[in-house]
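Since the structure is predicted, the reported quantities are computational estimates derived from the model, not experimental observations.
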Amino acid sequence: MFDIKNFFKSFTIENYSVYFFKFVNFLILCTHILILIFSFSTQCYILGYFNIASVALYAMSFLLISSGYQRSFIYLVEIEVVAHSFVASILFSYDAGFNLYLFILIPTIFVILFITREPKYLLKSILLSLANLTLFIVLSLNSKNSVGLYDTTLSAGQLRFLFIFNTVLCFAFMVILLVILMTAMNNYIHIASKTNDELDTEANHDLLTGLYNRRPLENEMENKIRLASNGDIRFSILMCDIDHFKNVNDTYGHDNGDIVLKDVADILRSNTRPGDFLCRWGGEEFVVILQNADITRATLVAQRIRANVEQYNFILKDTTIHLTITIGVSEYSEGKTAQDMYRESDERMYRGKLNGRNQIVASD
């Protein structure tokens, strides 16, 4: 059965339609129960028997919706509401307001179209809406000057009560539809925003290590150079390369090589500040932008990274190995471009490789 507490709590993209249709079914069922009580209390047995069938129909509709037949439920509601509005309007005339349910079906159809997200349902929605509008106008015009079959058995107060009841109920349905539509739109906006964030993360981050890739690096360097050229900050970059990394892949396989890359990325994170920029340059190379760090400060950070890598226990295939890293350091100075700094740090790093690896090179 329908659990009203879970309707808004369980608004997920997977079960959204099911909860929506169950909620609509629950409201319609309650409406028919109220009309059923009124029908028998006023001895309008024809409408009462009609509503007994309607109540049974909507009670069984919960099983229909749970089984995944939402489209069948839509057609069922359309047929039942049209038939009920027509019969009730004949019995009680225009003054009872039962023809208003035909009008409220029009926004309901389009909300359902939005929820189900089926473009092919658009034409059917338009045709059903036009049919409802036409029947609404015909009933209104024909019943304005006619007397319903049961009008003589109802007092003017009872007819007025019926009209107010149906008007308030239709208004409540309209408000509920708007709330559902707004909730749906907020959900889709949230999902779209989340999807965009995920796509942005994938586009700007290395999937293996979680560090930035080279795409956002260029923008970061441009911003840092602009600030540094204005005298607002000082910054340096580290070009880091894992020593003998090819031997790790050849000996232990690329899967274990990936473990090494992720572990080194973690070491870089733990030895830098939140404002620093960490990037996987490619392969076993990493670039670190150290904010507010001159060459001395940057060299100290590089030494700390080098020492931590050297002391770290890399566990591969139940075997513990030790690795080293070589780092070239470059500080920004007036007139340097990003490419100048990459080239300078890269040349210093390779000089460290030639001089025996496991080194920090911060000068020419």
Side-chain angles (χ1 to χ4, degrees), residues 1-2 4 21-67 69-70 72-109 112 128-129 131-177:
M1 291 295 288
F2 175 74
I4 196 167
F21 288 117
K22 283 187 176 181
F23 186 62
V24 171
N25 189 59
F26 174 77
L27 293 177
I28 298 175
L29 178 63
C30 291
T31 301
H32 279 291
I33 290 173
L34 292 174
I35 297 174
L36 173 64
I37 295 171
F38 180 84
S39 300
F40 280 105
S41 66
T42 57
Q43 299 181 346
C44 182
Y45 297 116
I46 295 176
L47 189 61
Y49 294 139
F50 194 103
N51 276 276
I52 288 176
S54 296
V55 168
L57 187 69
Y58 287 111
M60 290 186 295
S61 291
F62 284 110
L63 181 61
L64 188 71
I65 296 168
S66 298
S67 301
Y69 294 100
Q70 284 90 338
S72 299
F73 172 73
I74 294 172
Y75 297 141
L76 187 69
V77 170
E78 175 73 16
I79 294 170
E80 194 279 334
V81 171
V82 170
H84 187 278
S85 298
F86 181 79
V87 171
S89 294
I90 296 298
L91 294 174
F92 292 111
S93 80
Y94 174 85
D95 295 332
F98 281 103
N99 55 338
L100 294 174
Y101 292 103
L102 294 171
F103 188 73
I104 202 67
L105 268 181
I106 296 174
T108 304
I109 290 168
I112 290 172
L128 286 172
S129 298
N132 282 326
L133 182 61
T134 302
L135 187 57
F136 172 79
I137 295 172
V138 169
L139 283 176
S140 299
L141 293 176
N142 289 341
S143 60
K144 250 185 175 181
N145 300 316
S146 63
V147 178
L149 298 178
Y150 277 82
D151 275 1
T152 55
T153 64
L154 297 179
S155 66
Q158 287 174 319
L159 273 177
R160 183 176 296 275
F161 169 79
L162 266 181
F163 180 79
I164 294 173
F165 171 80
N166 288 325
T167 302
V168 170
L169 208 57
C170 286
F171 177 78
F173 269 111
M174 182 71 77
V175 171
I176 290 168
L177 285 174

- Is it true that a side-chain atom of Ser66 and a backbone atom of Leu63 form a donor plus acceptor pair closer than 3.5 Å? no
- Query: Roughly how far, to the nearest 0.5 Å, is the CG atom of Leu169 from the CD1 atom of Ile35?
  - Reply: 7.0 Å
- Note on the structure: Across all chains, not counting sequence neighbours, the ring pair (Phe, Tyr, Trp, His ring centres under 6.0 Å) partners of Phe50 are His84
- Quick one: do Phe98 and Val87 satisfy side-chain contact (heavy atoms from CB on, under 4.5 Å)? Show the steps, please. CA-CA 9 Å; Phe98 281 103; Val87 171; over 6 Å; no
- Task: Can you spot which of Ile79, Val77, Leu76 makes a side-chain contact (heavy atoms from CB on, under 4.5 Å) with Leu57?
- Result: Leu76
- Item | Pairs where residues 159-175 contributes a residue and the test side-chain hydrogen bond (donor to acceptor under 3.5 Å, both in side chains) is met, not counting sequence neighbours | Tyr101-Asn166
- Query: By ring pair (Phe, Tyr, Trp, His ring centres under 6.0 Å), which residues pair with Tyr69, not counting sequence neighbours?
  - Reply: none
- Any side-chain hydrogen bond (donor to acceptor under 3.5 Å, both in side chains) involving residues 27-39? Give me the pairs, sequence neighbours left out, ordered by first then second residue. His32-Asn51, His32-Glu80
- Query: Rounded to the nearest 0.5 Å, what separation is found between the CZ atom of Phe73 and the CD1 atom of Ile65?
  - Reply: 4.0 Å
- Message: Suppose we screen for side-chain contact (heavy atoms from CB on, under 4.5 Å). Which residues come up paired with Ile37, at least two apart in sequence or across chains?
- Response: Ile33
- side-chain contact (heavy atoms from CB on, under 4.5 Å) involving Leu27 - partner list, sequence neighbours excluded: Phe23, Phe173, Ile176
- Excluding sequence neighbours, so at least two apart, what forms side-chain contact (heavy atoms from CB on, under 4.5 Å) with Phe40? Leu36, Tyr45, Tyr49, Ile52
- Reported CZ-to-CZ distance for the pair Phe38 and Phe161, which is rounded to 0.5 angstrom: 6.5 Å
